[in-house]
2 protein chains.
Amino acid sequence: MAELGASLARIVRRLMKAEEPVLRAHGLSMWAYAALSSLAAQPATSQLALAKAIGYDKTRLIGLLDELAQEGLVVRERDPADRRSHTVRLTPDGEARHAAARAAIRVVEDELLGPLSAAEQRSFRAMLARVAEGS
Amino acid sequence: MAELGASLARIVRRLMKAEEPVLRAHGLSMWAYAALSSLAAQPATSQLALAKAIGYDKTRLIGLLDELAQEGLVVRERDPADRRSHTVRLTPDGEARHAAARAAIRVVEDELLGPLSAAEQRSFRAMLARVAEGS
DNA sequence: TATTGTTATACTCTATAACTATA
DNA sequence: TATAGTTATAGAGTATAACAATA
C-alpha cells in the first residue's frame, strides 16, 4: 500500500492550491477561514481556546483577529468572569461571509473527491472525521 | 459533515508530529524520507523529476541531495544522453536506511488509523490513494 | 505563582530571480 | 532559445521569550 503520509501531503497540497483562490475571492485567508469556521460551529470562550481548536499559534491569532475585527466579521469581548480572557464570536456579517465561502469551498471539496462514488465519498468523509478526532 | 480541509489538516499535523521524532531517530528529515521513498519505488531520471514526484522545490532539493549523497545514501550521475541531467538512485546503504525507517513509520501510520477497523483501514488507504492520484 | 493576551525577536521555510552548462 | 542544475536573495511563515494585566 502507498505511503499514507505521501498521499495525505499530496491531497492537502492540491486542496490548498484549489481553495486558496476561492477564499481570496471571498476576502479570506486560509487561517481566516479556519477561524470563522470554528466560530461558526461555536463561539470561543477565549483566544487560546480558538487557537487550539484550529491548530494555530496563539501569538499569530492576535493579528488575524485584529484584521477580522476591523472588517467587522468577529467581535472580541472581555469575559466578565475572567477579565484576562476575551470571548470571540462571529458578527452577522461574519456569519454571512463564512456561509458564502463555505458553499464555494464545498464545491472544491466535492471536486477533490471526484474519483470516489457518492457512497464512497460519504464513507470517506466519515472515516476521515473519525481519524481526525482520534477516537 | 465536518470540514474536509480541517480534518485533513489536523490529521497531517498529528502524523507529522508523530513521525518527526521517529525519522530523526533514523537520521532523516521529513523531506529526506520522502525523497528516499520515491527513489526506493523507482530511481529518478532527473532531479527535476524527483522534485516533482515528491512535491518539493527543485532549488531546495539540491541541498537535500547534497546531504544524502554525503551520507552515502544516494548517488547522482550525469545522464550520458543529456549531460545537463543528473540521474539519482539509492545506494545499498540508502535502501537499508529507507527500509528501516519505513518499518517504523508504518507503525505510526497504523496507530493513527487506530480508530478504524482493519477492514476500514484497508478501504481508507485505498480511497486515499485514489484521491491522491486524482483518478 | 500561574494564565491570558500581547509584543518583539530570531529563526526556518519557501518563493523568485539570475547564472552556468548543456541542448 | 530552452532546459537542468545551481546559487543568492528576499519574503512569508513559524517558534521563542518576555512583558502587563488578571487570577
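Throughout, protein chains are lettered first and strands after them, A, B, ... in sequence-line order, and every chain is numbered starting at 1. Worth knowing before you read on, the calculation uses all heavy atoms, side chains too, and leaves out hydrogens, waters and symmetry mates.
- The separation between K17(A) atom NZ and dT14(C) atom P is 15 Å, rounded to whole Å.
- dT7(D) atom P lies 6 Å from atom CD1 of I62(B), rounded to whole Å.
- Counting only residues at least two apart or on different chains, the ring pair (Phe, Tyr, Trp, His ring centres under 6.0 Å) pairs with a member in residues 98-135 of chain B are F124(A)-F124(B), Y33(B)-H98(B).
- Among the atoms of the strands shown, only primed sugar atoms or phosphate atoms (P, OP1, OP2) are found under 4.0 Å from some heavy atom of L48(B).
- E67(B) places its CD atom 14 Å from the P atom of dT6(D), with the value rounded to the nearest Å.
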How would you summarise protein contacts on nucleotides 12-23 of chain D per nucleotide, using B for base, S for sugar-phosphate only and - for none, with heavy-atom distances below 4.0 Å? --BSBB---BBS
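- Across A53(A) and R10(B), no two heavy atoms sit closer than the pair O-NH2, 3.3 Å.
- Counting non-hydrogen atoms of neighbouring residues, nucleotides and ligands closer than 6.0 angstrom, the CD atom of E77(A) exceeds 12 such neighbours.
- Rounded to whole angstrom, the span from the CG atom of L64(B) across to the P atom of dT6(D) amounts to 12 Å.
- Other residues, nucleotides and ligands contribute over 12 non-hydrogen atoms within 6.0 Å of the CE atom of M30(B).
- Between R125(B) and E109(B), at least one side-chain nitrogen of the basic residue sits less than 4.0 Å from a carboxylate oxygen of the acidic one, meeting the salt-bridge criterion.
- In this entry the distance linking CD of Q47(B) with C1' of dT3(D) reads 13 Å, nearest Å.
- Atom CG of D66(A) and atom P of dG5(C) are 13 Å apart (whole Å).
- Per the geometry, CE belonging to M30(B) stands 17 Å off P belonging to dT12(C), to the nearest Å.
- Nucleotide dT6(D) holds its C1' atom 12 Å from the CG atom of L61(B), rounded to whole Å.
- With sequence neighbours excluded, the residues forming a side chain to side chain contact (heavy atoms under 4.5 Å, CB included) with D82(A) are D79(A), R84(A), S85(A), listed by chain and number.
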